[in-house]
Trainee: 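Here it is, the structure, as structure tokens.
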4 protein chains.
Amino acid sequence: MKNSNAILLIHCPDRPGLIASVTEFICSYGGNIIELEQHVDPKDKIFFMRVEWDLKDFSIPRNEISEYFKKNYGENLSMNFKLYFNDYVPKMAICVSKMSHCLFDILGRYTAGEWKVQIPIIISNHEDLRWVADKFGIEYHVFKMNSENKTSIEAKQKELLREKEIDFIVLARYMQILTDDFILSYPNKIINIHHSFLPAFVGAKPYHAAFERGVKLIGATSHYVTEELDAGPIIEQDITRISHKDCVQDLVRKGQDLEKIVLSHAIEHHINRKVLVYKNKTVLFS
Amino acid sequence: MKNSNAILLIHCPDRPGLIASVTEFICSYGGNIIELEQHVDPKDKIFFMRVEWDLKDFSIPRNEISEYFKKNYGENLSMNFKLYFNDYVPKMAICVSKMSHCLFDILGRYTAGEWKVQIPIIISNHEDLRWVADKFGIEYHVFKMNSENKTSIEAKQKELLREKEIDFIVLARYMQILTDDFILSYPNKIINIHHSFLPAFVGAKPYHAAFERGVKLIGATSHYVTEELDAGPIIEQDITRISHKDCVQDLVRKGQDLEKIVLSHAIEHHINRKVLVYKNKTVLFS
Amino acid sequence: MKNSNAILLIHCPDRPGLIASVTEFICSYGGNIIELEQHVDPKDKIFFMRVEWDLKDFSIPRNEISEYFKKNYGENLSMNFKLYFNDYVPKMAICVSKMSHCLFDILGRYTAGEWKVQIPIIISNHEDLRWVADKFGIEYHVFKMNSENKTSIEAKQKELLREKEIDFIVLARYMQILTDDFILSYPNKIINIHHSFLPAFVGAKPYHAAFERGVKLIGATSHYVTEELDAGPIIEQDITRISHKDCVQDLVRKGQDLEKIVLSHAIEHHINRKVLVYKNKTVLFS
Amino acid sequence: MKNSNAILLIHCPDRPGLIASVTEFICSYGGNIIELEQHVDPKDKIFFMRVEWDLKDFSIPRNEISEYFKKNYGENLSMNFKLYFNDYVPKMAICVSKMSHCLFDILGRYTAGEWKVQIPIIISNHEDLRWVADKFGIEYHVFKMNSENKTSIEAKQKELLREKEIDFIVLARYMQILTDDFILSYPNKIINIHHSFLPAFVGAKPYHAAFERGVKLIGATSHYVTEELDAGPIIEQDITRISHKDCVQDLVRKGQDLEKIVLSHAIEHHINRKVLVYKNKTVLFS
């Protein structure tokens, strides 16, 4: 990770020669490709690619790469692309309510240096987890939100997020439904964890619903937040086995282990620029 | 398995002393308990038990056990119970349509002697799998069913099932919706495999729906058939991981491995009298 | 959990009437059985049982139950038994080295009140994780151990453990090999996490060995520590899928998620008195 | 699958421009890349690639591609490569002993047309499974092998394999140890299923060993056969959960479900040219 790498995420209509064009672009300017992964949606004929290359001997200055690529390749090939650099450390805000398991998992990884990320703030509608934020020396902001003040509170939250230059937001069991306006301000930049195997058990109290239905497995789903509740592009899912012996409280307890791991894996994919969203689904590069 | 064992499946309102009563009954007549498993639903206060005992030195004749237990215990304690013997070989009918993967898995186990079961007949609405039945020397009955003749055809099927003394029916990707009347004739005796992680993707074409939603795991669910479609008591479920690279056909192919294993495990639980249905859920003894 | 329950863990040579004897004992003195699970090893003919009952109306005083049971049942039936009470809060010591992932997972659960346990001390051979202990307000004791001072250091550790009345010890990636003497002082009371799917990759650097062998799954194993390295009774295991793309560092990172969850589950089983050790294997009640 | 595709599997020392060279080769002659996957071993600095392209508009005749690629690219870049065509149907021989579960799984898929493969012969040291081969209309050859006649028998087997133009061999629980000579005649072309999570429980009776050790998971491993027993490159592995309630026979039964699925998945990877062997490990393209 000492090297500076550029990362291109591309999608465009499929046609012959796309991989050759992009690799030729990188190689002809002295870039060494570290990793390349591509995929073609055979139904919609869409081409997807993630390519990462070492900038050491790359002759185009990094602040000109995007412009250059756009002019010479992107436009000809109708490419939709995003350019990232692996030495940029994104800023992440965490939103929590009263449960601490996801927060502890995130902060444990954070303080161990597992992720290339900064966490300037934790946002909550309750005071309950301030002590955790304090332990880890992170600012904790409480916004008492209700159905009436949602718009004005969200305006204040957005101001704070802008001020702290937050790149993306993690809802670590936040238990609040965001307004469309807020969601649209952070497209594919708000990561939620839902405590069910979506699309089963959308909405509130999924463990109660799972118990009632008598399922033999429970799940957790991490997804980007979109305007439709619990219906955004899925990043990661996992399940665990339960039995008739487990009451709702057991499901809650067992599910928490799933939730925290699934959410943290989704965050990791996002930080590493491994996720490309297309038509409400994710292409997850490995 | 050379011994003859009796198996009692019991459920009743919970109260102190239930286990002691039942175990004392068995022991006082010379039965040696091989296995006992109990469970109390803490919400509904219902007691569930499965107990299996060796009949070798048991002094009540096997055809009087049920009557005796009912009079002396069952009635006092409001017990709902079923008595089985492990040396009885149940008769199972298989219903198929055109896909062979579940059928092969079942017949492979059957011919290897894995299950204590007899399979006198295979029923289908198509000729496609007759050759498989022929290979294994099992009668294959085709009933061409459509929306108009369903009632009369089902009447004929029921006659055949009665004649062959069928104890339970396995829908091995049968692709037909049974009438309520038929279902009610075989309560908790029709085992279906649904190719999704229920309750997600109820109904037709679950793999297409899973692909559209962009899930990262697909599942299969085996359940008893009830009048509400895909909503009966779940016996077994499992999942497998997929990725954006998998098209619908890949999901179908990967899902088939799940379907056949999940269905066969459910059949095995049923044959071994490990399943107790209560309030549209299963208690699955281990 | 408001009720006081007694828990009996029993093993003895199998013979008819064992369940009836124990359940009759509990019922005849007014105890209401909450949960009973039994198992017979068919090869060695050993009977195992865990039974938990409510003490509310139980007429034997709790400090006399053990004596009473021993005299009237245990001795007759050659029973080996242990009696616990669910309202006793055991004291647990954690031993760590430099890695924090297991420690954070344990302390996250601890502060969230997930476990009925007390953690008075953390022991280490390094200063590295003192800040974590400080965050959570737990005493942190450093013992600089080397091959020469092991005996004298362990003597001091044992003194500390006695003084703090520690019931059991968790090695949360401790990276030290304990002496036989120390191990024998805490029989089936030292829980270790080994970062492989034992018995594969015993000893040091299992992730390196897994990488070299080219396995497609990596695992983690939590077990009680015995005199033979990594060979004690296994409490819990789990695995995760890897690929040729994963280098040793990826295995380490992915393995840490396994390690912490597997270790915490093993601790939970131990706290809940669900583990019975017999002949270097565990009977794990559900 | 109607199109004819070429598949190149490449490995060579890593250097800048490898992907660009290969993709340029394909594109400049009119080939449309369907799928490309590459990987660099960061330790050994080895480059691996699998690329598949449509031959429809490819201007080099298929019987000249290999020669052409070798001369113009392979030699310059020290590439080790293999060229396959997706419309070639490989011939596979199955070796069995007495257990039928893997055989049924393979033949079920085969007759359902799941794999692009031909199975001209089944080889065994016992008559037991002849009836299965007969059912499916496949030649069944029995070679009574013992420690004394192994060399001469294997010579006959090799003659048969040559005569039937067998491309690769599947040991579907064959229970015979092959001589080095035989193994070296089919390098990376003999696929075995071992009934444990290798490298745990190498050799005979792995389920007995797993039972003795008290593991909580059992596994199955499919690998290419090399001269060292159970130590060849691993293609696929999976596990299932067991408990103290499972005796050796239960492990055998539960393990069979693993064995057949793991073996069939490994066969599928092999048929689809997704496996590249390097230094006793596999690169498994997705």
Side-chain angles (χ1 to χ4, degrees), chain B residues 1-3 5-6 8 10 12-43 45-59 73 77 216-217 239-243 245 254 274 283-286, chain C residues 1-3 5-6 8 10 12-43 45-59 73 77 216-217 239-243 245 254 274 283-286:
Chain B
M1 276 302 197
K2 329 135 226 216
N3 297 338
N5 294 345
L8 257 180
I10 298 169
C12 62
D14 192 29
R15 44 175 284 184
L18 287 169
I19 301 173
S21 298
V22 176
T23 56
E24 193 227 61
F25 159 70
I26 295 168
C27 294
S28 63
Y29 289 95
N32 185 25
I33 293 174
I34 306 293
E35 223 176 311
L36 179 152
E37 199 176 328
Q38 57 74 237
H39 168 63
V40 175
D41 180 319
K43 209 177 116 206
K45 310 283 180 209
I46 304 295
F47 173 85
F48 300 93
M49 187 157 98
R50 183 189 187 279
V51 58
E52 180 166 355
W53 71 97
D54 190 335
L55 290 173
K56 201 170 52 137
D57 300 322
F58 198 64
S59 57
Y73 294 83
L77 304 167
K216 300 299 183 188
L217 308 168
I239 57 95
T240 199
R241 195 159 284 275
I242 58 163
S243 85
K245 296 198 178 181
K254 293 186 173 182
K274 299 277 192 176
V283 171
L284 199 62
F285 297 103
S286 60
Chain C
M1 276 302 200
K2 331 136 225 213
N3 297 336
N5 294 345
L8 256 180
I10 298 169
C12 63
D14 192 30
R15 44 174 284 184
L18 287 169
I19 302 174
S21 297
V22 176
T23 55
E24 193 228 61
F25 159 70
I26 294 168
C27 294
S28 63
Y29 289 96
N32 185 25
I33 294 174
I34 306 292
E35 223 177 314
L36 179 152
E37 199 176 330
Q38 58 74 235
H39 167 63
V40 175
D41 180 320
K43 208 177 116 206
K45 310 283 179 210
I46 304 295
F47 173 85
F48 300 93
M49 188 159 98
R50 182 188 187 279
V51 58
E52 181 166 354
W53 71 96
D54 190 335
L55 290 171
K56 201 171 52 141
D57 300 322
F58 197 64
S59 57
Y73 294 84
L77 305 167
K216 299 299 182 188
L217 308 168
I239 57 94
T240 199
R241 196 160 283 275
I242 58 164
S243 85
K245 296 199 179 180
K254 293 185 173 182
K274 299 276 192 177
V283 171
L284 198 62
F285 296 103
S286 61

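Naming: A, B, ... by sequence-line order, numbering from 1 per chain.
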Trainee: Could you please state which residues from residues 26-38 of chain C sit under 4.5 angstrom from chain B, measuring non-hydrogen atom to non-hydrogen atom, sorted by number, or 'none'?
Mentor: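 Hits under 4.5 Å: Cys27(C), Asn32(C), Ile33(C), Ile34(C), Glu35(C), Leu36(C), Gln38(C).
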Trainee: Please step through side chain to side chain contact (heavy atoms under 4.5 Å, CB included) for the pair Val22(B) and Ile10(B), ending with a clear verdict.
Mentor: CA-CA 10 Å; Val22(B) 176; Ile10(B) 298 169; 4.0 Å; yes
Trainee: Distance from Lys254(C) atom NZ to Thr240(C) atom OG1, nearest 0.5 Å?
Mentor: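 If we round to the nearest 0.5 Å, Lys254(C):NZ and Thr240(C):OG1 are 7.0 Å apart.
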Trainee: Any sub-3.5 Å donor-acceptor pair from Asn3(C)'s side-chain atoms to Asn5(C)'s backbone N or O?
Mentor: no
Trainee: Tell me, do Val40(B) and Phe48(B) make a side-chain contact under 4.5 Å, heavy atoms counted?
Mentor: no
Trainee: For the CG atom of Leu284(C) and the NE2 atom of His39(C), what is their distance to the nearest 0.5 Å?
Mentor: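 Spacing of CG (Leu284(C)) from NE2 (His39(C)) equals 11.5 Å.
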Trainee: Counting a contact as any heavy-atom pair under 4.5 Å apart, which residues of residues 51-59 of chain C contact chain B?
Mentor: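 When heavy atoms of chain B are the reference, residues 51-59 of chain C contributes no residue within the under-4.5 Å range.
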Trainee: A side-chain contact here means heavy atoms from C-beta on lying under 4.5 Å apart; do Leu18(B) and Cys12(B) qualify?
Mentor: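 Of all side-chain heavy-atom pairs linking Cys12(B) with Leu18(B), at least one is under 4.5 Å.
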Trainee: Could you tell me whether the side chain of Lys274(C) and the main chain of Ser286(C) form a donor-acceptor pair under 3.5 Å?
Mentor: yes
Trainee: Tell me the closest heavy-atom pair linking Met49(B) and Phe285(B), and the distance in Å.
Mentor: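 For Met49(B) versus Phe285(B), the nearest heavy atoms are C-CZ, 3.7 Å.
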Trainee: If you round to the nearest 0.5 Å, how far is CD1 of Ile46(B) from CG of Asp41(B)?
Mentor: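 Rounded to the nearest 0.5 Å, the CG-CD1 separation comes out at 7.0 Å.
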